Number of protein chains: 2
Amino acid sequence: MSQPSDAATVGVNPEFWVKAVRSYWQGGGYRLTEPRQRMLDSMVAYAAPFSAEQLYADMQTVEVVAPGRATVYRTIEQLNGAGWLARIHTQSGEGYVPSFPGHLHHLVCTRCGKVVAFEGCALEGLVERLASQTDFMIEGHLLQLYGRCGECQRV
Amino acid sequence: MSQPSDAATVGVNPEFWVKAVRSYWQGGGYRLTEPRQRMLDSMVAYAAPFSAEQLYADMQTVEVVAPGRATVYRTIEQLNGAGWLARIHTQSGEGYVPSFPGHLHHLVCTRCGKVVAFEGCALEGLVERLASQTDFMIEGHLLQLYGRCGECQRV
DNA sequence: GTCACTGCAAAAGGTTTGCAACGGA
DNA sequence: TCCGTTGCAAACCTTTTGCAGTGAC
């Protein structure tokens with residue numbers, strides 16, 4: 001992923017991501033609506049993975065006019081399906097973070113929830129080994145790393 | 001994991017696993033009760049990951065006296081916490097499979113749901129690379145492979 | 001004007017909890 | 001007997017759905 005690096009939000013550069021999703025909506029027969037724009041701005045402000053309900057609830061309290069529950073759920077589902085949101089699995093449940101379409105993995109801080117995306121998982125050797133050992137034809141994988149980010153190591 | 005190999009159920013040898021969990025319950029201040037025993041037998045019979053609700057519902061229809069919902073949820077939670085059940089993430093949701101405590105990963109058939117556990121994930125190189133690149137102190141990971149098992153390749 | 005999208009409100013699921021009764025060790 | 005466990009039923013929380021109205025293009 002070639003995007004300007006910036007540690008402000010969870011892994012991605014906020015403006016870059018917002019712009020990218022906007023243009024995704026403008027192409028392909030989708031519509032760039034008011035509620036969606038607000039959602040983008042809210043999503044990008046999280047410092048850790050967020051859930052659908054959480055985003056919905058937060059927006060109710062912060063915004064004057066906030067998207068309805070159905071809109072929030074449907075939009076998240078769409079963005080996740082298209083790769084603009086990545087689903088993160090943590091001990092305390094599932095959540096989403098802004099992301100980019102493509103083969104990415106995530107490194108998650110177990111203390112503050114910060115997420116960093118990375119490419120290159122170097123699993124080819126393992127895949128080959130297992131393919132021959134198990135008779136499976138391996139097609140994909142789920143990989144996520146856990147650890148402590150720099151700041152959280154010093155606490 | 002040194003257990004007798006057997007492909008009858010999802011990854012583990014049924015009798016071996018049931019025995020192991022029984023003795024886990026007999027030690028450590030737990031109790032080996034009737035409902036729990038029934039649950040073990042039901043869990044081991046699944047050919048694919050099962051959910052709590054699913055196990056509960058299935059037992060209601062199959063057994064004469066079946067455990068209550070709370071018991072099913074609580075028992076699953078306990079076994080998962082102790083490593084006797086592994087949580088499996090699939091496209092169609094989350095599920096559990098019989099497993100053994102320790103560092104294991106799973107290879108899941110995307111068609112029939114069959115699961116095979118394996119050790120040795122060969123992520124050391126990746127972990128080192130990321131540790132130096134990101135300032136994270138990496139402590140663990142979630143890894144799951146997806147593919148088609150032998151049988152499902154021929155369909 | 002068309003059709004994707006929205007919002008409401010209800011329904012549908014899944015999971016958790018309190019508490020009195022039960023039953024392994 | 002002791003205390004972990006059970007079962008019920010209600011509460012709770014999250015997610016989905018139908019449908020009439022709205023607004024982006």
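Naming convention: chains lettered A, B, ... in sequence-line order (proteins, then strands); numbering from 1 in each chain. It should be emphasised that the depicted structure is a prediction, and the values quoted were computed from it without experimental measurement.
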Name the atoms and distances for all side-chain donor-acceptor pairs under 3.5 Å in residues 18-25 of chain B, with sequence neighbours left out.
unit_1: R22(B); atom_1: NE; unit_2: Q37(B); atom_2: OE1; d: 2.7
unit_1: R22(B); atom_1: NH2; unit_2: Q37(B); atom_2: OE1; d: 3.2
unit_1: S23(B); atom_1: OG; unit_2: K19(B); atom_2: O; d: 3.3
unit_1: S23(B); atom_1: OG; unit_2: A20(B); atom_2: O; d: 3.0
unit_1: W25(B); atom_1: NE1; unit_2: Q78(B); atom_2: OE1; d: 2.8

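We find that OH of Y56(B) is positioned 15 Å from P of dT16(C), with the value rounded to whole Å. In this entry the distance linking CG of D58(B) with C1' of dG14(C) reads 15 Å, nearest Å. If you take CD of E53(A) and P of dT16(D), they are 11 Å apart, rounded to a whole angstrom. Atom CG in N80(A) sits roughly 12 Å away from atom P in dT15(D) (whole-Å rounding). We find that CD of E63(B) is positioned 12 Å from P of dG7(D), with the value rounded to whole Å. For R87(B) and dT15(C), the CZ to C1' distance is 11 Å, given to the nearest whole Å. Atom CD of E94(B) is separated from atom P of dT15(D) by 11 Å (rounded to the nearest Å). Q60(B) places its CD atom 12 Å from the P atom of dA9(D), with the value rounded to the nearest Å.
Aromatic ring orientation, F100(B) versus F16(B): tilted (interplanar angle from 30° to 60°).
Nearest to the side chain of Y73(A), among dC19(D), dT15(D), dT17(C), sits dT15(D). With dC8(D), dC8(C), dT5(D) as the candidates, the nucleotide lying closest to the side chain of A70(B) is dC8(D). Comparing atom distances between the R74(A) side chain and each of dT6(D), dG14(C), dG18(D) picks out dG18(D) as nearest.
Residues from residues 23-38 of chain B placing a heavy atom under 4.0 Å of any atom in DNA chain D, listed by number, are G29(B), Y30(B), R31(B), T33(B), P35(B), R36(B).
Of all heavy-atom pairs spanning E53(B) and R69(B), the tightest one is OE2-NH2, 3.1 Å. Listed here is the closest heavy atom pair of L55(B) and Y46(B): CA-OH, 3.5 Å.
Between the base of dG14(C) and the side chain of R69(B) there is no donor-acceptor pair shorter than 3.5 Å.
If you look at H106(A) and H89(A), their ring centroids are not closer than 6.0 Å.
The side chain of T71(B) places no N or O atom within less than 4.0 Å of a non-bridging phosphate oxygen (OP1 or OP2) of dT5(D).
Distance check: M59(B) CE to T71(B) OG1 gives 10.0 Å after rounding to the nearest 0.5 Å.
At distances below 3.5 Å, not a single donor-acceptor pair connects side-chain atoms of S99(B) with backbone N or O atoms of W84(B).
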